[in-house]
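Side chains are part of it too, since the values below use all heavy atoms of this structure and drop only hydrogens, waters and symmetry mates.
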Amino acid sequence: MKNVIYIENNSLDPAFNLALEEYLLKDRTDMEDVFLLWQDEPTVVVGRNQNTIEEINQAYIKQNGINVVRRLSGGGAVYHDAGNLNFTFIVKDEKRNHFDFPKFTEPIIEVLKEIGITAENQGRNDITIGGRKFSGNAQVRIKNRLLHHGTILFDTAFEEMVACLNVGQEKFASKGVKSVKSRVTNISEHLQKPMSIEAFKQLLLDRIWGQGDHQAIWYDLSEYDYQAIQALKEQKYDTWNWNFGASPRFNVQRSKRYDWGKLDLRISVSKGMIENLTIYGDFFSSDDLEEFIQGFVGTPYEVSAIQRRLDSIPIERYLPNMNSHEWITLLLEE
């Protein structure tokens, strides 16, 4: 990244902040490389492919006025509050590389090293300290543009996080741990001397400015930018349809957790044909999953027909970690 544009965003409104990301990704293609640091008021942010109702504690969230917003990228649900810092990179991605998380998480690891904390990339999209997660990351591609964003648990209220989220026990079982608290940590727990989240934010900015041979550019959003972002926020990120959506009718459910994420299929079959297919989960997809799904609607619900459809639908474009055999096995439980 030779020229990095930094946009200061002091909004704590999660719907505005996610609309800002999408606007910069899709509409401001004149900006090649963009960097954001931002925070939300208490919020649960669900992944693009998740079933919101099944991921949250609705009663607690309603009682305590917690926001619920769906983001553009895949992955799992996360909790944001004043003790959490979020970072975003938006870059050109002509080569459409496989999900390269370390490229964007290294600045975080380097800053922590400067203040005496050893952190490392772990698993598919986490950064950990002593094996405990403090940062989860996700990516989404739109044409030749890539958005990478991540959370940084600096001093997050874990009790609130646990109360807001419904975390499947099979996720812990797969990682050999018994609870959220045993798997996550705050950076503040590892500091050699006290530091505010604002001071840590400045260290990150200094690192982004100081790496490589690029020139830092500060950009202030224009009135036109604000109006476009606000319109997207109101038309999409403030709506029940985007954030929750109607759960489809189905008569077949198939689910499995893989090393790269969970897939949960809801399938409506009528007269032996796939009438509707919905895919939930905390996985990452490389392309528009709706295109993949529509390729199977109207297809007979049996092996040979599904295999014929896969001959013309490159599964690796949509689910890069899955092969045709695994898809057929999961879809039909063969």
Side-chain angles (χ1 to χ4, degrees), residues 37 39 44-47 50 55 57 71 73-89 98-139 148-197 199-201 203-204 207 211 256-263 281-284 320-321:
L37 284 172
Q39 290 176 277
V44 173
V45 182
V46 298
Q50 291 189 295
E55 298 296 326
N57 181 339
R71 65 178 182 268
S73 63
V78 294
Y79 175 74
H80 292 178
D81 65 8
N84 176 76
L85 182 63
N86 306 289
F87 67 98
T88 303
F89 287 97
H98 189 62
F99 296 110
D100 183 3
F101 290 101
K103 175 181 178 181
F104 301 99
T105 57
E106 280 304 320
I108 314 299
I109 293 174
E110 291 168 0
V111 166
L112 289 173
K113 185 177 180 180
E114 290 176 4
I115 58 176
I117 299 174
T118 300
E120 61 181 351
N121 290 301
Q122 185 172 320
R124 57 177 184 150
N125 63 320
D126 297 342
I127 320 177
T128 62
I129 299 172
R132 295 163 67 197
K133 174 180 175 179
F134 72 92
S135 176
N137 294 263
Q139 295 182 352
H148 175 111
H149 51 191
T151 59
I152 300 174
L153 300 178
F154 189 85
D155 193 23
T156 290
F158 288 152
E159 293 78 10
E160 291 293 302
M161 179 173 71
V162 172
C164 288
L165 298 175
N166 288 335
V167 183
Q169 290 304 307
E170 87 283 356
K171 187 167 187 176
F172 294 125
S174 70
K175 296 180 181 293
V177 295
K178 295 182 179 180
S179 70
V180 172
K181 289 183 179 180
S182 63
R183 187 175 171 239
V184 299
T185 188
N186 275 315
I187 288 174
S188 60
E189 297 177 34
H190 307 273
L191 293 170
Q192 296 177 359
K193 58 182 179 179
M195 176 185 291
S196 67
I197 194 169
F200 183 75
K201 177 179 177 180
L203 287 177
L204 283 177
R207 165 59 60 175
Q211 67 178 12
K256 185 174 181 179
R257 176 164 290 282
Y258 302 89
D259 290 342
W260 45 268
K262 180 179 179 179
L263 281 184
D282 58 1
F283 57 91
F284 298 114
N321 295 295

Holding to side-chain contact (heavy atoms from CB on, under 4.5 Å), I want the full list of residues that pass it with Lys256, two or more places apart in sequence or in another chain. Tyr258, Leu330
Sequence neighbours left out, what passes side-chain hydrogen bond (donor to acceptor under 3.5 Å, both in side chains) with Glu114? Give chain and number order. Arg207
Got a sec, which residues hit side-chain contact (heavy atoms from CB on, under 4.5 Å) with Thr118, two or more places apart in sequence or on another chain? none
For Ile115, what residues pass the side-chain contact (heavy atoms from CB on, under 4.5 Å) criterion, not counting sequence neighbours? Leu112, Ile117, Leu191, Met195, Phe200, Leu203
Would you say His190 and Phe134 make side-chain contact, with heavy atoms under 4.5 Å? no
Please round to the nearest 0.5 Å and tell me the distance separating atom CZ of Phe154 and atom OG of Ser196. 6.5 Å
Is Val45 close to His149 at the side-chain level, that is, under 4.5 Å between some pair of heavy atoms? no
When rounded to the nearest 0.5 angstrom, what is the spacing between CG in Asp126 and CZ in Arg132? 13.5 Å
With no hydrogens and no angle check, do the side chains of Asn137 and Ser135 hold a donor and an acceptor under 3.5 Å apart? yes
Identify, with sequence neighbours excluded, every residue that meets ring pair (Phe, Tyr, Trp, His ring centres under 6.0 Å) alongside His80. Trp38
I'd like to check the side-chain contact (heavy atoms from CB on, under 4.5 Å) partners of Asn121; sequence neighbours left out, ordered by chain and number. Pro102, Thr105, Glu106, Ile109, Ile127
Could you check if a side-chain atom of Arg257 sits within less than 4.5 angstrom of a side-chain atom of Asp282, using non-hydrogen atoms only? yes
